[in-house]
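Everything below concerns the one structure shown next.
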Amino acid sequence: NSLSPALFHEFRERYLKTEDVYYHSLWFTGSGYPDENGIEGSIIGNLKYYSFLVVKYIILPSEIDFNGTAELMYPDGEERPFFPLKYSDGEISIYENAYAIPRAFIVDLIRYSASYKEAQAAISAEDFDISNEVVLEKPLPVEIEGAGQGAGKAEIVEYGANRAVIKADSEKNGILVLTDIYYPGWKAYIDGQPAEIYRVNGLVRGVFLNRGVHTVEFRYFPASFMAGLAISGVSISFMGLCFVFGRARGGKGVSDRSE
């Protein structure tokens with residue numbers, strides 16, 4: 001998909017790709033029976049990454065027992081995930097992923113990497129908690145001494161294709177994460193003031209917040225759009241000058257003929 005940035009493709013290939021199937025788990029799930037080697041097993045095995053992408057619900061054919069697959073993969077019950085069944089009609093079943101992280105959240109535990117590829121690799125560490133820490137590629141304006149237990153509350157109050165507004169109450173200095181893909185053209189404003197956008201975990205967007213209550217706004221202003229506005233402005237100005245010049249010449253001609 002030409003509309004998807006390369007960093008998302010790399011994330012998908014690294015963590016979400018399922019071998020030996022012609023469909024992809026992001027738009028089709030279920031192989032007809034509980035199978036730890038099938039797509040449903042892949043989702044459970046890579047639950048950390050699906051949860052990071054805020055995959056909240058999983059749809060399977062009704063004959064599939066998703067929790068049965070989890071039992072196959074975790075026979076001793078240790079750290080076995082459980083997926084509440086939210087709907088079933090005999091054809092499909094919808095399971096809830098209670099481990100999906102919020103669309104927006106605040107953390108105070110920071111790791112650093114040299115590139116987005118290294119950042120994506122870093123989150124696979126067993127001790128990395130996707131809901132309480134992040135990996136950045138650029139240093140913050142101040143050092144944060146985080147405890148990795150969250151740093152406040154965030155609520156999305158407006159959300160559209162080109163704009164998102166978040167109300168944040170940060171208990172300490174931290175990073176507000178919006179789990180939308182990092183992409184050029186997005187601008188951030190904190191309480192109306194421009195703010196730098198950091199690439200988080202090699203994939204999504206975040207901004208640095210000082211302690212306190214803030215309104216954070218993300219707006220999409222692609223360079224092509226701004227260039228188009230500039231070209232349009234120049235064109236309109238040029239047409240205006242031509243019109244004024246033409247009127248001036250026309251007026252002079254009428255005056256000359258009247259003499």
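Residue numbers count from 1 along this sequence.
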State, yes or no, whether a side-chain contact exists between [X] and [Y] at a heavy-atom distance under 4.5 Å.
X	Y	result
Val107	Glu133	no
Leu203	Tyr116	no
Phe208	Ile175	yes
Ile181	Phe11	no
Phe128	Asn201	yes
Val134	Ile110	yes
Thr215	Val157	no
Leu7	Gln120	yes

Say you draw a straight line from [atom1] of [X] to [atom2] of [Y]; how long is it, rounded to the nearest 0.5 Å?
X	Y	atom1	atom2	value
Arg111	Ile123	CZ	CD1	10.5 Å
Glu171	Asp108	CD	CG	9.0 Å
Lys86	Ile58	NZ	CD1	13.0 Å
Leu176	Ile190	CG	CD1	8.0 Å
Gln193	Glu217	CD	CD	12.0 Å
Tyr15	Glu10	OH	CD	11.0 Å

inquiry  = Do the side chains of Glu155 and Lys153 get close enough for a salt bridge, i.e. N-O under 4.0 angstrom?
reply    = no
Work out which heavy atom in [X] is nearest to a heavy atom in [Y]; give both atom names and the distance.
X	Y	result
Ala164	Tyr159	CB-CD1, 3.8 Å
Leu140	Ile144	CD1-CD1, 3.5 Å
Asn67	Pro81	OD1-O, 4.2 Å
Phe82	Pro84	O-CD, 3.6 Å
Leu136	Arg199	CD2-O, 3.8 Å
Gly202	Glu137	CA-OE2, 3.9 Å

ring-ring contact (aromatic ring centres under 6.0 Å, His included), paired with Tyr95, selected from Tyr57, Phe66, Tyr50 = Phe66
Path from [X] to [Y] over hydrophobic side-chain contacts below 4.5 Å:
X	Y	answer
Val204	Val165	no
Tyr112	Tyr198	yes
Ile156	Val213	no

Using a 3.5 Å distance criterion without hydrogens, assess whether the side chain of [X] forms a donor-acceptor pair with backbone atoms of [Y].
X	Y	result
Ser170	Arg211	no
Thr179	Arg103	yes
Asp89	Glu91	yes

request  = Return the orientation label for the Tyr183 and Tyr220 ring planes: parallel under 30°, perpendicular over 60°, tilted otherwise.
outcome  = tilted
request  = Could you go through the side chain to side chain contact (heavy atoms under 4.5 Å, CB included) check for Ile64 and Ser93 one step at a time?
outcome  = CA-CA 8 Å; Ile64 295 293; Ser93 294; over 6 Å; no
request  = Decide yes or no on side chain to side chain contact (heavy atoms under 4.5 Å, CB included) for Leu109 and Asn132, but give the supporting numbers first.
outcome  = CA-CA 7 Å; Leu109 192 58; Asn132 286 313; 6.0 Å; no
ask   = Between Arg14 and Tyr49, does any side-chain donor sit less than 3.5 Å from a side-chain acceptor?
value = no
ask   = Under 6.0 Å from the NZ atom of Lys48, do we count more than 12 heavy atoms belonging to anything else shown?
value = yes
task = Find out whether the Lys NZ or Arg CZ of Arg205 is both under 6.0 angstrom from the six-membered ring centre of Phe218 and within 45° of the ring's axis.
result = yes
